[in-house]
Number of protein chains: 2
Amino acid sequence: MAGIEEVARATGVSTATVSRALRGLPNVSDKTRAAVRRAADELGYVASSSASGLASGRTLAMGVVVPSVSRWFYTQVLEGVDAELRGASYDMILFNLGGHRGDRERVFHRSILRKRTDALLALCLDFTPAEREQLATLGHPTIVVGGPVKGLRSVGIDETSTAYTATSHLISLGHTDIAHLGGEDEEGLNSQVPIGRLHGFNDAMRDAGIVVRPEWVIPGGFSLPESRAAMNRLLDRPGPRPTAVFAGSDEMAFGAILAAGDHGLRVPEDLSVIGIDDHDYAAGFGLTTMAQDPFEQGATAARILLDELGGAEPRVSSVSSPVSLVVRSSTAPPR
Amino acid sequence: MAGIEEVARATGVSTATVSRALRGLPNVSDKTRAAVRRAADELGYVASSSASGLASGRTLAMGVVVPSVSRWFYTQVLEGVDAELRGASYDMILFNLGGHRGDRERVFHRSILRKRTDALLALCLDFTPAEREQLATLGHPTIVVGGPVKGLRSVGIDETSTAYTATSHLISLGHTDIAHLGGEDEEGLNSQVPIGRLHGFNDAMRDAGIVVRPEWVIPGGFSLPESRAAMNRLLDRPGPRPTAVFAGSDEMAFGAILAAGDHGLRVPEDLSVIGIDDHDYAAGFGLTTMAQDPFEQGATAARILLDELGGAEPRVSSVSSPVSLVVRSSTAPPR
DNA sequence: TTGAAAGCGATACCAA
DNA sequence: TTGGTATCGCTTTCAA
């Protein structure tokens with residue numbers, strides 16, 4: 001609770017020197033610095049972030065905007081971001097959109113613009129032109145993780161080619177009756193992600209000369225329960241069934257696997273399933289998937305922002321994060 | 001980017017009035033308030049949090065300390081906290097311990113003490129006496145979610161009775177050969193949680209006159225992979241096998257279910273499994289479990305802190321959150 | 001109801 | 001290497 005003045009008094013130097021000493025700035029004698037440090041420790045002094053933020057213009061905090069915090073991908077990115085921020089002694093302000101459209105405006109209007117942060121990292125969001133303009137006038141370094149955004153650099157995988165590879169894996173096993181469990185257009189989220197994955201699917205099918213059945217392209221909302229229900233409805237339908245499913249995310253793939261079980265179908269004998277992510281549970285489900293590394297993506301994005309805050313040249317180009325096919329036991333040739 | 005002075009100038013009133021008008025304080029004429037609001041909107045003025053924090057002593061931010069962000073329980077609590085904070089226009093500063101002991105000190109020393117927050121909410125943490133003292137001198141309202149902490153009020157379930165009920169469910173089905181998959185003493189985390197659950201297990205067994213086999217009480221680290229491995233090791237051992245498992249969390253229960261599959265055992269015919277949580281995936285796994293509501297717990301805790309920040313009397317007692325047995329298909333009488 | 005002015009607690013420039 | 005001091009942008013008495 002001690003202020004800088006008390007430390008100055010205890011040390012017999014000015015507050016200016018205390019400030020310099022504690023922040024590790026040059027031009028402070030070792031002796032003085034040591035004395036100041038000792039006094040600060042004893043008095044339990046820590047600079048008030050409001051005061052130093054006001055005086056210096058830097059908050060030493062990074063804003064992170066997430067659509068929600070309870071999806072595997074987001075949690076992994078958050079851990080990656082956090083790891084970098086810790087190293088730089090930056091704090092993280094978490095802006096959770098929580099699904100509501102109205103709150104999104106609140107975040108932009110009240111919180112982000114309050115200059116509580118020095119930089120902004122957004123997850124899987126799309127921005128309206130107005131929002132992008134606000135960000136621009138703020139003058140903060142900004143970056144997006146997960147999904148390309150027009151006018152902003154981003155860190156993420158190549159959605160289309162990843163989906164292409166996943167679909168091709170099924171095709172190369174001999175499947176032609178392939179369904180796609182995709183993401184819906186969740187409001188405010190980055191629609192480029194599900195769209196890119198759908199494109200990759202369509203491209204792979206077309207290149208293999210396979211016709212896509214529209215009724216086999218169904219929305220799974222990026223969630224297990226929704227996907228399970230959607231897949232169950234598909235399997236309920238009379239007529240031919242798909243022999244394989246390309247799910248746009250592992251969580252949706254889990255839903256497909258469970259739906260197969262609901263219908264007494266075995267995976268992979270009766271139904272092959274492939275996903276995207278390499279979720280923590282993917283190995284448990286024996287899921288074949290396109291592995292990506294969201295932790296690394298978050299860390300990379302945070303590092304880019306921190307570097308720029310440190311004076312580095314802004315990098316304009318986006319970063320493409322690697323993916324790899326991990327074959328497990330959920331895919332096999334059709335019987 | 002406009003400052004309060006510009007709004008004042010544009011409106012023809014003083015900065016004091018602008019401040020009052022924008023914050024909804026009384027004693028401002030409707031006409032003036034409207035004019036100020038309009039000018040602020042047009043100029044895109046939003047008060048700087050550093051400046052108002054410095055002047056008022058309130059940051060309008062709540063600190064939330066989490067052991068990690070990638071565990072189901074934590075994400076749910078976070079969503080609950082966030083929902084309340086949004087309603088109160090509070091921002092969330094997320095302090096992620098990320099498992100490292102050293103960073104924990106950093107959080108306490110540098111971040112929390114920097115007065116960046118008005119209150120502190122901690123998840124499943126235990127505090128050292130020194131840490132508790134620091135918190136006390138800070139003078140912030142503080143609360144814990146998930147696990148009782150000596151000297152601090154908390155919001156959470158009754159660990160012991162919950163575990164007791166879960167174990168009793170297995171016993172009532174006729175099981176006597178029951179294993180317990182528990183949490184390990186993760187460093188810095190609240191050890192009262194796994195300990196309470198173990199106690200409940202032991203009590204239920206004792207009350208039923210069943211002797212607990214120490215070699216059937218194994219650690220699962222609150223994670224699926226660890227639990228799967230631990231359970232596999234248990235099942236690998238020669239001699240009798242348990243007919244049921246009480247897992248201290250759903251994620252550990254999932255691990256047990258997968259391990260059963262690894263050994264060709266059917267659930268529930270060969271092995272009954274019960275967990276605690278009602279994880280999003282519990283229904284998918286058909287898991288019988290003790291359901292709790294972490295979202296609600298987080299919201300409740302946040303509300304308590306917000307109320308106190310708003311001037312309410314501090315509540316000293318802890319809040320016990322309800323649980324309920326949800327029977328699905330993972331438990332049945334032994335064969 | 002409104003305004004004037006004194007802080008809030010640091011930082012950063014300019015001198016010494 | 002150090003100190004003095006203006007300054008950051010807002011809030012909050014105290015008067016008017």
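In what follows, chains carry the letters A, B, and so on, assigned in the order in which the sequence lines appear, proteins first and then strands, with residues in each chain numbered from 1.
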Would you indicate which nucleotide in [options] comes nearest to any side-chain atom of [X]?
| X | options | answer |
| --- | --- | --- |
| A:Thr15 | D:dG4, D:dG9, C:dT11 | C:dT11 |
| B:Val13 | C:dG3, D:dT2, D:dC10 | C:dG3 |
| A:Ser29 | C:dG9, D:dT2, C:dA10 | D:dT2 |
| B:Ile4 | C:dG3, C:dA10, D:dC10 | D:dC10 |
| B:Ser56 | D:dT11, D:dG3, C:dG3 | D:dT11 |

Ignoring hydrogens and angles, state whether a donor on the side chain of B:Glu79 or A:Ser70 is under 3.5 Å from an acceptor on the partner side chain. yes
What is the separation between atom [atom1] on [X] and atom [atom2] on [N], rounded to the nearest whole Å?
| X | N | atom1 | atom2 | result |
| --- | --- | --- | --- | --- |
| A:Arg33 | D:dT1 | CZ | P | 9 Å |
| B:Leu43 | D:dG9 | CG | C1' | 15 Å |
| B:Leu60 | D:dC10 | CG | P | 14 Å |
| B:Leu54 | C:dG9 | CG | C1' | 5 Å |
| B:Glu5 | C:dA5 | CD | C1' | 12 Å |

Which atom pairs, donor and acceptor, lie under 3.5 Å between side-chain atoms of residues 140-151 of chain B and protein residues at least two apart or in another chain?
from: B:His140; atom 1: NE2; to: B:Thr117; atom 2: O; distance (Å): 2.9
from: B:Thr142; atom 1: OG1; to: B:His140; atom 2: O; distance (Å): 3.1

Need one value for B:Thr32: base, sugar-phosphate or nothing, where a base atom within 4.0 Å counts as base even if backbone is also close, heavy atoms only. sugar-phosphate
Polar side-chain atom of [X] near backbone of [Y] as donor-acceptor pair, under 3.5 Å:
| X | Y | result |
| --- | --- | --- |
| B:Arg23 | B:Ser19 | yes |
| A:Arg315 | A:Glu308 | no |
| B:Ser321 | B:Gly156 | no |

Output the distance between atom OG (A:Ser50) and atom CZ (B:Arg58), rounded to the nearest 0.5 Å. 12.0 Å
Within the structure, does a side-chain N or O atom of B:Tyr45 lie under 4.0 Å from either OP1 or OP2 of D:dG9? no
Does D:dG3 have OP1 or OP2 sitting under 4.0 Å from an N or O in the side chain of A:Ser14?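 So the side chain of A:Ser14 is within the cut-off, an N or O lying under 4.0 Å from OP1 or OP2 of D:dG3.
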What are the residues of residues 16-28 of chain A, sorted by number, that bring a heavy atom to within less than 4.0 Å of DNA chain C? A:Ala16, A:Ser19, A:Arg20, A:Arg23
Cationic N near anionic O, under 4.0 Å, A:Asp41 to A:Arg37: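 No, no charged N to carboxylate O under 4.0 Å.
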